[in-house]
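What follows is a short report on a single structure.
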Amino acid sequence: MPPEANDRELLRQTFNTAAAQYQEARPEYPGELYAALIALAGLRPEADSLCEVGAGPGKATIPLARRGFRITCVELGAALAGEARRNLAGFDRVTVVNADFETWRPASPEAFGLVFAATAWHWIDPEIRYPKARELLKPGGHLAFWEAMHVFPDGGDPFFREIQDVYDKINEGLPPGSGFPRPDELADSTAEIEASGLFTGVAVRRFDWEIKYTAEAYIRLLDTFSGHIAMAAWQRDRLYGEIRRRLAARPGGQLRRHWGAVLHVARTV
């Protein structure tokens, strides 16, 4: 296994340790995103069953379950799968499976109308994810995925640039070449999807929204990110102490974090 694959495997398993707080701490995706997903994929609850990759505790599952879709959720982490079962207990058309997507096989030969992933697609083995999704889809079915990313619009909160000095001091500075992307600068994966040779008609839609956080709410959010979970205790203590100190000095004691998402929807060839 190459080093980057090994790192991906280790980091993607860290989320299981944050299972209890993930649902509350992570942001809700905009309603407009789900509306666009359903329209672009032509989904109908009575005709299409969905397969969710890396469902976590059901963050993106619940809005689609409320619309009446039958959904099979595949989640690697046992604790996260347990949270998903609790959060989705009221939806009798939703099934949660504790397994890794790469090797999972559905119990029945049913083909899905949609395979989708919300902030999880990049954790799936790049050599496997597109062929596996295509294998699970019926003819004319769709693949969809999106990420929730930190973006920095004009007029955004300067807190995040200012706090980088602390990340540098704890040896967790930004990787070379990374920066502070505006919402319209988030990259899309159209070329990668088309290069698989398995999907066509890629549609891309962009969304952005803002959430205000107190220091404690923001720290709970950070504790659901793989990089922060993997930090040494002294690093988190130093960083979180500085976040608390700086926000305490602000009127209202809050920061504004801007989120961006790039929705991709593609049809089987």
Side-chain angles (χ1 to χ4, degrees), residues 5 8-16 18-19 22-23 26 29 33-34 36-38 40-41 43 48-65 67 69-85 87-88 91 93-138 141-149 188-190 192-193 196 198-199 202-204 224-226 261-268:
R8 182 180 63 249
E9 186 63 28
L10 290 173
L11 285 173
R12 76 173 187 166
Q13 295 189 48
T14 61
F15 298 106
N16 203 48
Y22 195 104
Q23 184 70 11
R26 284 296 182 104
Y29 304 112
L33 187 153
Y34 296 105
L37 167 63
I38 291 167
L40 290 169
L43 299 173
D48 295 298
S49 58
L50 318 183
C51 176
E52 183 176 6
V53 183
K59 195 78 187 182
T61 324
I62 292 172
L64 292 167
R67 289 165 169 82
F69 285 101
R70 184 169 61 254
I71 309 171
T72 299
C73 304
V74 183
E75 170 51 48
L76 174 67
L80 281 167
E83 287 292 317
R85 291 188 183 103
N87 293 332
L88 295 159
F91 300 101
R93 304 192 80 198
V94 177
T95 302
V96 178
V97 180
N98 178 206
D100 66 278
F101 179 70
E102 290 91 336
T103 62
W104 172 72
R105 293 289 181 272
S108 67
E110 174 191 29
F112 295 95
L114 176 74
V115 170
F116 75 100
T119 316
W121 191 243
H122 64 289
W123 292 114
I124 307 303
D125 187 332
E127 298 298 319
I128 297 175
R129 57 193 178 200
Y130 291 106
K132 182 59 179 288
R134 178 63 186 87
E135 172 189 321
L136 295 170
L137 287 165
K138 66 184 181 182
H142 288 78
L143 167 68
F145 59 88
W146 66 93
E147 309 283 339
M149 306 290 289
D188 72 74
S189 300
T190 299
E192 178 185 281
I193 297 169
S196 74
L198 301 171
F199 297 92
V202 182
V204 173
T224 68
F225 293 152
S226 60
V262 182
L263 170 67
H264 306 78
V265 181
R267 187 181 68 256
T268 57

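Residues take their numbers from the sequence shown, with the count starting at 1.
- Atoms CD1 and CG, on Ile71 and Asp48 in that order, are 11.5 Å from each other to the nearest 0.5 Å.
- The shortest distance between side-chain heavy atoms of Lys132 and Phe101 falls below 4.5 Å.
- The structure places CG of Leu88 at 10.0 Å from OG1 of Thr95, a figure rounded to the nearest 0.5 Å.
- Every residue meeting the side chain to side chain contact (heavy atoms under 4.5 Å, CB included) condition with Ala111, not counting sequence neighbours, appears here in chain and number order: Lys138.
- In this structure a side-chain-to-backbone donor-acceptor pair under 3.5 Å is missing from Glu75 to Ala84.
- Using a 4.5 Å cut-off on side-chain heavy atoms (C-beta onward), Tyr34 and Leu43 make no contact.
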| Stepwise side-chain contact (heavy atoms from CB on, under 4.5 Å) test for Trp123 and Leu76 | CA-CA 11 Å; Trp123 292 114; Leu76 174 67; over 6 Å; no
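- For the pair Glu147 and His122, the minimum side-chain heavy-atom distance is below 4.5 Å.
- Scanning both residues, Thr119 and Ala148, for their nearest heavy atoms gives OG1-N, 3.2 Å.
- Residues Tyr29 and Leu263 have side chains not in contact (no heavy-atom distance under 4.5 Å, counting atoms from C-beta outward).
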| field | Steps toward side-chain contact (heavy atoms from CB on, under 4.5 Å) verdict (Val74, Val53) | value | CA-CA 5 Å; Val74 183; Val53 183; 5.9 Å; no
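- By the 4.5 Å heavy-atom criterion applied to side chains, Phe69 and Leu114 are not counted as neighbours.
- Between the Arg26 side chain and the Lys59 main chain, no donor and acceptor come within less than 3.5 Å of each other.
- For the pair Glu192 and Arg129, the minimum side-chain heavy-atom distance is below 4.5 Å.
- Distance CZ/Arg67 to CG/Leu37: 9.0 Å, rounded to 0.5 Å.
- The ring-ring contact (aromatic ring centres under 6.0 Å, His included) check on Tyr130 picks up Trp121, with sequence neighbours excluded.
- Side-chain contact between Ile128 and Thr103 is absent, with no heavy atoms from C-beta onward closer than 4.5 Å.
- Summarising the geometry, atom CG belonging to Leu50 is positioned 9.0 Å from atom CZ belonging to Arg93; distances are rounded to the nearest 0.5 Å.
- Closest approach of Gly58 to Gln23, counting heavy atoms only: C-OE1, 3.8 Å.
- Contact record, Val96 with Ala81: CG1-O, 3.7 Å, taken as the closest heavy-atom pair.
- Residues Val262 and His264 share a closest heavy-atom pair of O-ND1, 3.2 Å.
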| request: Show your working on side-chain contact (heavy atoms from CB on, under 4.5 Å) between Asn87 and Ile62 and close with a plain yes or no. | output: CA-CA 8 Å; Asn87 293 332; Ile62 292 172; 4.3 Å; yes
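- A distance-only check finds no donor-acceptor pair linking the side chain of Glu52 to the backbone of Phe116 [under 3.5 Å].
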| said: side-chain contact (heavy atoms from CB on, under 4.5 Å), that's the test. Do Phe199 and Leu137 meet it? Break it down for me. | reply: CA-CA 11 Å; Phe199 297 92; Leu137 287 165; 3.6 Å; yes
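- The pair Glu135-Arg105 meets the salt-bridge criterion, since a charged nitrogen lies less than 4.0 angstrom from a carboxylate oxygen.
- Arg267 contributes atom CZ, which lies 13.5 Å from atom CG of Leu198 (distance to the nearest 0.5 angstrom).
- The minimum heavy-atom distance between Cys51 and Leu136, with the atom names listed, is SG-CD1, 4.3 Å.
- Within the 4.5 Å cutoff, no side-chain heavy atoms of Phe91 are placed close to those of Thr61.
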